[in-house]
Amino acid sequence: MINVEHINKSYGSLQVLKDVSLTINQGEVVSIVGASGAGKTTLLQIIGTLDHADSGTVCIDNTDITRLGERELARFRNKKIGFVFQFHNLLPEFTALENVCMPVLIGGGTMADAEAKARPLLDFLNLSDRATHKPSELSGGEQQRVAVARALINEPAVVLADEPSGNLDSAHANELHELFFRLRDHYRQTFVIVTHNRDLAQMSDRQITIKDGGIY
């Protein structure tokens with residue numbers, strides 16, 4: 001599903017990633033762990049097309065994303081990749097339902113199409129009764145589940161999560177961790193998760209450790 005080969009990335013004189021190669025299979029839940037500043041988020045952003053490597057290749061679902069132009073990348077990202085961030089990144093002026101619908105609308109779909117996809121997801125995530133609430137009216141755990149629904153609405157091949165439980169208390173964090181595995185089993189997506197949470201890392205099918213820009 002994901003094949004990364006010989007990725008290098010520097011910011012000025014600082015080399016953040018050094019000849020990184022890895023393969024992640026379809027349906028795997030993989031955690032990327034390591035100290036702060038080791039290059040975890042940089043690698044995730046390169047896989048997610050949010051940043052560019054200086055050299056090397058990244059293939060997702062048989063597409064070499066390093067060969068795509070910016071417009072093609074945006075289209076690929078919208079259709080094939082879902083993102084979950086630590087701080088949710090929900091739009092405060094919109095309801096939970098409207099936030100979940102956004103990727104469909106950005107991709108050119110209608111609101112009717114978006115709602116038809118969003119409502120089953122909200123139901124699966126036990127958020128149906130919160131659909132008309134704005135983020136400020138939701139708990140932290142509910143906000144993160146809305147963010148997960150938004151990540152899933154276009155049925156992406158890959159879901160990338162950057163410290164998804166880092167802003168949650170332990171109870172909500174455990175709920176979110178278990179949710180990832182339920183989603184994997186139900187929708188067969190591949191999850192790549194950057195985390196400092198030991199429990200989540202140990203639950204994963206596989207842990208990848210980054211140290212000093214390399215994989216160990």
Side-chain angles (χ1 to χ4, degrees), residues 28-38 40-45 47-48 50 77-78 81-106 114-115 117-156 158-187 189-205 207-208 210:
E28 270 196 301
V29 177
V30 174
S31 290
I32 300 176
V33 300
S36 297
K40 304 184 300 299
T41 294
T42 299
L43 177 59
L44 198 75
Q45 290 177 337
I47 293 172
L50 298 176
R77 184 165 53 240
N78 180 257
I81 303 174
F83 296 93
V84 182
F85 301 101
Q86 179 176 350
F87 295 103
H88 323 310
N89 290 358
L90 300 178
L91 299 173
E93 66 271 31
F94 293 106
T95 66
L97 176 63
E98 291 166 341
N99 268 282
V100 175
C101 288
M102 284 298 169
V104 175
L105 303 177
I106 290 170
E115 286 196 23
K117 292 182 176 182
R119 290 190 182 280
L121 278 171
L122 290 172
D123 183 55
F124 184 84
L125 296 172
N126 297 319
L127 288 167
S128 294
D129 61 341
R130 312 296 279 169
T132 60
H133 290 68
K134 293 183 177 180
S136 61
E137 300 170 310
L138 303 173
S139 70
E142 288 170 336
Q143 290 181 50
Q144 194 61 298
R145 279 184 282 146
V146 170
V148 170
R150 181 184 58 191
L152 294 173
I153 193 168
N154 278 335
E155 301 178 12
V158 175
V159 177
L160 305 178
D162 191 1
E163 296 289 358
S165 57
N167 202 37
L168 300 177
D169 61 37
S170 58
H172 285 120
N174 289 335
E175 288 179 6
L176 182 67
H177 301 164
E178 291 172 2
L179 174 61
F180 286 143
F181 289 89
R182 286 173 50 214
L183 290 168
R184 185 271 302 273
D185 294 341
H186 189 81
Y187 293 106
Q189 270 120 347
T190 301
F191 284 80
V192 184
I193 307 167
V194 165
T195 184
H196 282 106
N197 188 293
R198 292 184 179 181
D199 293 336
L200 174 56
Q202 290 172 357
M203 289 171 66
S204 301
D205 298 322
Q207 293 184 51
I208 294 170
I210 296 185

*Flag, side chain of Glu163 to backbone of His196, donor-acceptor distance under 3.5 Å*: yes
*Does Asp162 pair with Lys40 as a salt bridge, N-O distance under 4.0 Å?*
no
_Smallest separation among heavy atoms of Leu125 and Ala149, with atom names_ = CD1-CB, 3.5 Å
*State, to 0.1 Å, how close Leu97 and Leu122 come at their nearest heavy-atom pair, and which atoms those are.*
CD1-CD1, 3.8 Å
*asked:* Are Gln189 and Val158 packed together at the side-chain level, in the sense that at least one heavy-atom pair is separated by less than 4.5 angstrom?
replied: no
*Listed by chain and number, what are the salt bridge (Lys or Arg N to Asp or Glu O under 4.0 Å) partners of Asp169, not counting sequence neighbours?*
none
_For the CG atom of Leu179 and the CZ atom of Arg145, what is their distance to the nearest 0.5 Å?_
8.0 Å
*Would a distance-only check, ignoring hydrogens and angles, find a side-chain to backbone donor-acceptor pair under 3.5 Å from Gln207 to Ile32?*
no
*Can you list the steps and then say if Val84 with Phe191 is a side-chain contact (heavy atoms from CB on, under 4.5 Å)?*
CA-CA 10 Å; Val84 182; Phe191 284 80; over 6 Å; no
*Flag the pair Val33 / Thr195 as yes when at least one side-chain heavy-atom distance between them is below 4.5 Å, and no otherwise.*
yes
*Within 45° of the ring axis of Phe124 and under 6.0 Å from its six-membered ring centre, is that where the NZ or CZ of Arg182 lies?*
yes
*Go through the side-chain N and O atoms of His172 and Gln144 and say whether any donor and acceptor fall under 3.5 Å apart.*
no
*Does any N or O in the side chain of Asn99 come within less than 3.5 Å of the main-chain N or O of Leu90, such that one atom is a donor and the other an acceptor?*
no
*For residues Arg184 and Asp205, report the shortest heavy-atom separation together with the two atoms involved.*
NH1-OD2, 2.6 Å
_Flag, side chain of Gln143 to backbone of Leu138, donor-acceptor distance under 3.5 Å_ = yes
*Can any side-chain N or O of Glu137 pair as donor or acceptor with the backbone N or O of Lys134 at less than 3.5 Å?*
yes
*Can you check whether Phe180 reaches Val148 side chain to side chain, under 4.5 Å on heavy atoms?*
yes
*Of all residues at least two apart in sequence or in a different chain, which pass the side chain to side chain donor-acceptor pair (under 3.5 Å) check with Ser31?*
Ser204
*Check Val146 against Leu127 and note the closest heavy-atom contact, atom names and distance.*
N-CD1, 3.7 Å
*Does Glu98 reach the main-chain N or O of Thr95 with its side chain, forming a donor-acceptor pair under 3.5 Å?*
yes
*asked:* One pair to check against side-chain contact (heavy atoms from CB on, under 4.5 Å): Val30 and Ile208. What are the steps and the verdict?
replied: CA-CA 7 Å; Val30 174; Ile208 294 170; 3.5 Å; yes
*For Pro164 against Leu176, the heavy-atom pair lying closest together*: O-CD2, 3.4 Å
_Apply side-chain contact (heavy atoms from CB on, under 4.5 Å) to residues Phe83 and Arg150 and explain how you reach the verdict._
CA-CA 8 Å; Phe83 296 93; Arg150 181 184 58 191; over 6 Å; no
*asked:* Between Val29 and Met203, does the side-chain contact (heavy atoms from CB on, under 4.5 Å) criterion hold? Intermediate values first, please.
replied: CA-CA 9 Å; Val29 177; Met203 289 171 66; over 6 Å; no
_Within residues 117-131 or reaching into it, pairs that qualify as salt bridge (charged side-chain N to carboxylate O under 4.0 Å, His left out) - sequence neighbours excluded_ = Glu115-Arg119, Arg130-Glu142
*How far apart are the closest heavy atoms of Ala118 and Cys101, and which atoms are they?*
CB-SG, 3.9 Å
*Just how far is it from atom CG of Asn78 to atom CG of Asn154, taken to the nearest 0.5 Å?*
5.0 Å
_Measuring from atom CD of Glu178 to atom CG of Leu183, what distance do you get when rounded to the nearest 0.5 angstrom?_
12.0 Å
